[in-house]
**Student:** 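I am attaching a structure below and will ask some questions about it afterwards.
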Amino acid sequence: MRTPLIVGNWKMNKTASEAAAFIRDLLERLPAAPSAEVVLAPPFTALESASRALGPDAWISLGAQNLHWEQQGAFTGEVSAPMLRELGCRYVILGHSERRLLFGERDEVIQKKIRTALTEGLAPILCVGESLAEREAGHTESVVTTQLNGSLAGLTQQDLATVTIAYEPVWAIGTGRAATTEQAVTVHRSIRLFVETGWNHETAAAIRILYGGSVTPQNAESFLASETIDGALVGGACLNPDSFATIVRIARTQKA
Ligand code: PGA
C-alpha cells in the first residue's frame, strides 16, 4: 500500500518570516493525520525557520528544491546534502523542469544528485515531463523514458524504495492548463511499466508516482481518485494555506 504524498514546491517564494507565518496558519487549518504524507519545500533561506515553525514533533516533512552532488568545496552559490540534512530536510526535489530549462540541468547531473541524495539520507523526488512540442509530436513516452533512464540507471531496488517520481508535463506547469486525468494516468502507467521492466514488479508496485502541473483544489480530486496517481507536486496552489490544506484534505479522503 503506497502512502499518498502531497508536496508543496514553493519555488522562489516566501522569506524566512513569511514561511514561519504560513506554517503556523497551515497547522491551524490542518490537524495531523496519517492517511497522507505532506512535504513542504521552501527556498533554502527559509528552511531553518520552517523547521522551527513545524516544531520538534512535526508531522509535515521538509524538502529542499535542489542540492549539489558534492558534500562541500569550492562551489559558489551551491548547497550540499549534509547542510540540508542538518536543517531537518528529509526530501529533495530533483530534475524539476525549471532546473532543466533555466539552469541547464541534464540527466547525467540529475543522476549524480539522486545518488548523493540517497547516500546522504535524503529521499529524492525526481521530476520528469515533456514539453508541448514533444507531446504534439507524439514523443511524450520516449522523452519521459529517456529522462528516467538517464537519471535512475544503475540504482538498486533498495535505492528505488526511497525514490518518488513526479510526472510534470512542462506545458502544464504554472499555466493553469493541467493535464487531463487520462493523460496523466497514461504516462503514470508507462512510468510504472518502466520501473517494472528495469527492476521488478515489487519495486514498480511500491514506487510513488505523483502528478504535478497546475494542480488546484478544483482538479485535485480527479487526479487523486485515480489508483495509479499517488499524490501531487503542487506549485502555485501551495502558496496559499487554504488551497494547500484543501488539497491535502482531498488526498486524505480520496486515498482513505
Ligand atoms: P504549478 O507548479 O502547480 O504552479 O503548475 C508545479 C511544479 O512546478 O512543481
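Note that ligands are numbered from 1 as they come in the structure, with each ligand's atoms numbered from 1 the same way.
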**Student:** Assess the residue pair Asp107 and Arg100 against the criterion (salt bridge (charged side-chain N to carboxylate O under 4.0 Å, His left out)); give the C-alpha distance rounded to whole Å, side-chain angles, the decisive distance to 0.1 Å, and a yes or no.
**Tutor:** CA-CA 9 Å; Asp107 290 328; Arg100 293 175 191 264; 2.8 Å; yes

**Student:** To the nearest 0.5 angstrom, please state how far the CD1 atom of Ile23 sits from the CD atom of Glu28.
**Tutor:** 13.0 Å

**Student:** Less than 3.5 Å apart, any donor N or O on the side chain of Thr156 or Asp159 sitting next to an acceptor on the other?
**Tutor:** yes

**Student:** My understanding is that a hydrophobic cluster links ILVMFWY residues whose side chain heavy atoms are under 4.5 Å apart, including indirect links. Using that, what else belongs to the cluster containing Leu210?
**Tutor:** Leu5, Val7, Val39, Tyr91, Ile93, Ile125, Leu233

**Student:** Ignoring hydrogens and angles, state whether a donor on the side chain of Thr203 or Asn200 is under 3.5 Å from an acceptor on the partner side chain.
**Tutor:** yes

**Student:** Would you say the side chains of Trp10 and Gln65 form a donor-acceptor pair under 3.5 Å?
**Tutor:** no

**Student:** Hey, which residues fall under 4.0 Å of ligand 1 on heavy atoms?
**Tutor:** Asn9, Lys11, His96, Glu168, Ala172, Ile173, Gly174, Gly213, Ser214, Leu233, Val234, Gly235, Gly236

